[in-house]
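What follows is a short report on a single structure.
Basis for what follows: all heavy atoms, side chains included, without hydrogens, waters or symmetry-related copies. Residue numbers begin at 1 in each chain, while the letters A, B, ... track the order of the sequences.
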Number of protein chains: 2
Amino acid sequence: MNDVARTAGVGLKTVSRVVNGEPRVRPETARKVHAAITKLGFRRHEGARWLRQGSTACIGMVLEDMADPFYSMLTRAVEQVARAKGFLVFTGSSEADPAQERELAQAFCARRVDGLVIAPASQDHRYLEPELQAGVVVVFVDRPAQNIDADAVLADNAGGVRAGIAHLLSQGHRRIGFLGDTPEIFTAAQRLRGYQEALAAAGLPFDESLVAMGRPEQGFVRMSFDRFFAGPEPVSALFTGNNRATVAALRELATRTERPALVGFDDFELADLLHPAITVVKQDAAAIGRTAADLLFRRISGDDGPARTIELSTQLIPRGSGEVTP
Amino acid sequence: MNDVARTAGVGLKTVSRVVNGEPRVRPETARKVHAAITKLGFRRHEGARWLRQGSTACIGMVLEDMADPFYSMLTRAVEQVARAKGFLVFTGSSEADPAQERELAQAFCARRVDGLVIAPASQDHRYLEPELQAGVVVVFVDRPAQNIDADAVLADNAGGVRAGIAHLLSQGHRRIGFLGDTPEIFTAAQRLRGYQEALAAAGLPFDESLVAMGRPEQGFVRMSFDRFFAGPEPVSALFTGNNRATVAALRELATRTERPALVGFDDFELADLLHPAITVVKQDAAAIGRTAADLLFRRISGDDGPARTIELSTQLIPRGSGEVTP
DNA sequence: CTGAAAGCGCTTACAG
DNA sequence: CTGAAAGCGCTTACAG
């Protein structure tokens with residue numbers, strides 16, 4: 001910018017004015033400046049600008065795994081809102097590792113992002129306190145913050161599962177296996193709660209032997225199904241707690257003879273092309289992302305009302321696999 | 001940092017030394033500085049650092065659509081390499097809009113990223129020339145740069161399709177329909193070329209009426225299939241040019257009675273759980289991302305050899321849909 | 001309408 | 001081992 005000023009034979013401030021489109025510059029002067037800019041191939045250094053101004057017009061996004069469609073949809077929605085506001089977004093995957101979540105969030109903050117969207121892996125977010133104090137705003141998605149007060153946008157996990165289980169009950173199923181993720185995960189615990197509530201609402205007993213909570217890996221799913229289908233009263237239906245569990249269940253069922261009814265939490269591509277097509281409780285990842293981004297930008301613009309938790313409703317989509325009688 | 005220096009009763013440079021872990025600081029002095037840092041909740045401002053140092057330790061990534069699994073896999077791979085190098089990554093989706101690609105790339109450059117990974121939507125990359133001159137390094141993925149000289153990491157598109165078509169020919173198919181994306185897209189054109197080459201290698205004529213190139217939308221696919229299956233010599237097999245085309249084809253076939261053999265370019269989740277399971281030519285998105293990131297960081301570290309184009313081989317995965325005789 | 005000075009928060013090169 | 005000065009590229013507050 002200094003070079004531009006020298007080349008154009010004007011003051012530094014005048015160049016700044018031209019670059020920022022401020023008024024009060026004689027057209028002739030502006031023309032000289034523009035000529036110098038083109039000649040020198042000048043491009044403003046945003047970093048220097050922020051140093052002076054405060055805001056960086058960047059936000060950071062920490063998610064669990066970019067390759068999971070739930071998170072990539074969510075990311076795209078956040079990105080779209082950010083672009084409309086003229087913001088750029090850093091993304092990073094925590095790979096379900098609390099330490100990696102913290103490192104990413106702190107690295108983003110060191111770059112002085114104005115805000116953070118976090119799909120948390122950590123069970124303790126006190127590490128964010130200094131950042132919050134420094135003015136960074138944070139919105140949690142999918143799972144709430146722990147040990148700090150912060151906004152969150154969640155799916156109605158328990159309600160979605162209740163709807164799914166009620167649907168299976170209405171088909172006459174009485175023994176429904178529940179395959180969920182490890183109960184340390186907020187969403188997994190909420191969904192299990194939904195399962196219990198639905199049974200209670202129908203006046204049915206809760207049988208722990210019909211619940212399997214763990215990482216949806218081949219071995220774990222096989223073991224769980226061996227248990228579900230053994231004995232005199234095998235399950236006649238399954239509820240899977242997230243899209244990875246649903247896919248793992250389908251893979252396992254493909255190797256077995258049992259054909260239980262199946263409802264999965266979270267929709268996935270091609271669910272409608274399988275035989276039978278898979279009935280799911282859909283959570284709207286894009287809506288979660290959009291809502292979170294809107295909230296984030298409202299906070300960035302100065303809204304400092306109390307922390308809010310927004311729950312987005314889910315939707316049961318019957319496609320066949322959940323409409324099988326015992 | 002000034003406040004820290006004052007609080008600790010030392011010089012600014014000493015704080016800088018402590019923060020950067022430079023030697024030649026008396027342990028006692030360092031302790032005082034650390035105490036002040038904790039007391040004040042000091043966090044170094046990376047932006048100011050870069051202003052002085054040049055590098056920002058950030059890269060930008062422009063892709064077509066974050067929600068497409070091909071791109072999200074690719075992104076994750078780039079991210080992982082970047083993290084290992086201590087770099088952060090900006091991401092942005094062009095949504096197949098050349099203008100949006102340019103805006104994103106330029107916005108990243110204004111933030112002074114050290115490098116750029118671009119999955120291009122644009123047909124002309126001369127807009128990057130000033131950035132390249134300014135020292136930004138760029139690696140293209142999936143599709144090469146146009147009108148500028150730059151590194152690229154691509155799948156072996158033509159080779160992959162040749163393998164897929166040869167596979168269908170070996171099952172006895174002689175009339176194979178090709179459903180590709182619009183031919184302006186580099187990969188679509190390359191894949192069509194592979195189709196033609198495979199036919200030529202087998203001594204078969206190229207019949208234009210068996211080719212449909214366009215955005216893989218419901219209407220276009222239906223129209224194309226109407227044509228493919230009409231007349232006295234309908235196609236007995238289909239080759240789809242990308243994962244969206246494959247899924248669109250499956251959706252369309254689900255509404256029809258024809259049951260052609262099918263091979264798709266690009267693998268997708270659940271391909272193995274469909275009936276029949278889908279035979280694909282797999283391109284390794286993660287490997288493309290990893291290779292591109294490696295190349296990018298080699299460039300960032302100063303490798304200024306001639307621009308390179310790296311082609312990664314593909315793999316035919318027979319699963320059933322491609323092993324159907326006419 | 002225009003510009004010289006000071007400063008954002010850090011590092012670099014130098015002197016003690 | 002330690003620190004005062006200058007500067008990265010811009011903007012802010014002020015004076016002409």
Side-chain angles (χ1 to χ4, degrees), chain A residues 1-37 40-58 106-107 109-114 130-131 134-136, chain B residues 1-37 40-58 86 106-114 130-131 134-136:
Chain A
M1 196 171 243
N2 247 316
D3 297 344
V4 174
R6 210 172 311 121
T7 308
V10 301
L12 184 60
K13 175 61 198 171
T14 302
V15 179
S16 174
R17 265 192 273 264
V18 172
V19 169
N20 290 302
E22 289 173 34
R24 311 203 174 186
V25 179
R26 253 196 308 180
E28 193 193 334
T29 315
R31 222 170 296 131
K32 278 196 296 186
V33 172
H34 276 126
I37 287 178
L40 270 51
F42 166 81
R43 307 165 310 142
R44 176 168 60 191
H45 188 140
E46 296 293 330
R49 198 171 181 217
W50 301 329
L51 182 54
R52 207 63 190 74
Q53 292 204 139
S55 158
T56 57
C58 294
Q106 289 177 330
C109 289
R111 262 81 169 177
R112 292 296 192 275
V113 294
D114 294 324
E131 317 294 349
V136 180
Chain B
M1 194 174 246
N2 246 317
D3 297 344
V4 174
R6 210 173 311 122
T7 308
V10 302
L12 184 59
K13 175 61 198 170
T14 302
V15 178
S16 174
R17 265 192 274 266
V18 171
V19 169
N20 291 302
E22 288 172 36
R24 312 204 173 186
V25 178
R26 255 198 305 183
E28 192 193 332
T29 316
R31 222 169 297 129
K32 277 195 297 185
V33 172
H34 276 126
I37 287 179
L40 269 50
F42 166 80
R43 308 165 309 142
R44 175 167 62 190
H45 187 142
E46 296 294 329
R49 199 172 180 218
W50 302 328
L51 184 53
R52 207 63 189 77
Q53 291 204 138
S55 158
T56 56
C58 294
Q106 289 177 330
F108 292 155
C109 288
R111 263 79 168 176
R112 291 295 191 274
V113 294
D114 294 325
E131 317 295 349
V136 180

*Any donor-acceptor pair under 3.5 Å from A:D114 side chain to A:A57 backbone*: yes
*Determine: side-chain N/O of A:R44 to OP1/OP2 of D:dC10, distance under 4.0 Å, yes or no.*
no
*Is there a side-chain contact between B:H45 and A:L51 (heavy atoms, below 4.5 Å)?*
yes
_A:R49 side chain, from C-beta outward: closest of D:dC10, C:dC10, C:dT12_ = D:dC10
*Take atom NE2 of A:H45 and atom P of C:dC8, then tell me their distance rounded to the nearest Å.*
18 Å
*asked:* When you measure from the side-chain N and O atoms of A:T29 to the phosphate of C:dC1, is any distance below 4.0 Å, counting only OP1 and OP2?
replied: no
*Rounded to whole angstroms, how far apart are CZ on B:R6 and P on D:dA4?*
12 Å
*Return the nearest nucleotide to the side chain of A:L51; candidates are C:dG9, C:dT2, D:dC10.*
C:dG9
*For B:M1 and D:dA4, what is the distance between atoms CE and P respectively, to the nearest whole Å?*
15 Å
*What is the distance, rounded to the nearest whole Å, between atom CD of B:E22 and atom P of C:dT11?*
8 Å
*Nearest heavy atoms of A:V33 and A:V10, plus distance in Å*: CG2-CG2, 4.0 Å
Indicate every side-chain donor-acceptor pair of residues 16-23 of chain A with a distance under 3.5 Å to a residue at least two apart or in another chain.
from: A:S16; atom 1: OG; to: A:N20; atom 2: ND2; distance (Å): 3.4
from: A:N20; atom 1: OD1; to: A:R44; atom 2: NH1; distance (Å): 2.4
from: A:N20; atom 1: OD1; to: A:R49; atom 2: NH2; distance (Å): 3.3
from: A:N20; atom 1: ND2; to: A:S16; atom 2: O; distance (Å): 2.8

*Between A:A30 and A:V25, what is the shortest heavy-atom contact and its length?*
N-CG1, 3.9 Å
*Nearest listed nucleotide, side chain of A:V10, among C:dG3, D:dA4, D:dT11*: C:dG3
*May I ask you to verify whether the side chain of A:R52 and the base of C:dG9 hold a donor-acceptor pair under 3.5 Å?*
no
_Per B:V25 side chain, nearest of listed nucleotides D:dG3, C:dC1, D:dT2_ = D:dT2
*Side-chain contact, heavy-atom cut-off 4.5 Å: A:R111 with B:W50?*
yes
*asked:* Return whichever of B:A48 or B:K13 has its heavy-atom-nearest nucleotide of DNA chain D closer to the 5' end.
replied: B:K13
*Check DNA chain D for consecutive Watson-Crick or G-U pairs with both distances under 3.5 Å and list the runs of at least three as stems.*
C:1-3 with D:14-16, C:5-12 with D:5-12, C:14-16 with D:1-3
*Classify the nucleic acid contact of A:R17 as base, sugar-phosphate or nothing, counting any heavy atom under 4.0 Å across all strands shown.*
base
*In whole angstrom, give the distance that lies between atom CG of A:L12 and atom P of D:dT12.*
13 Å
*Please state how far atom CD in A:Q53 lies from atom C1' in C:dG9, giving the value in whole angstrom units.*
15 Å
*Within the structure shown, what part of the strands sits under 4.0 Å from A:N2 by heavy-atom distance: base, sugar-phosphate, or nothing?*
nothing
_Rounded distance (Å) that lies between atom P of D:dC10 and atom CG of A:D3_ = 9 Å
*Taking the side chain from A:T7 and the backbone from A:D3, do they hold a donor-acceptor pair closer than 3.5 Å?*
yes
*Nearest of D:dT11, C:dT11, C:dG9 to any side-chain atom of A:S16?*
D:dT11
*Using whole Å, report how far CD of B:E46 lies from P of C:dC10.*
9 Å
_B:F42 side chain near B:H34 side chain, heavy-atom distance below 4.5 Å_ = no
*Looking at D:dC10, D:dG3, D:dC1, which one has an atom nearest to any side-chain atom of B:T14?*
D:dG3
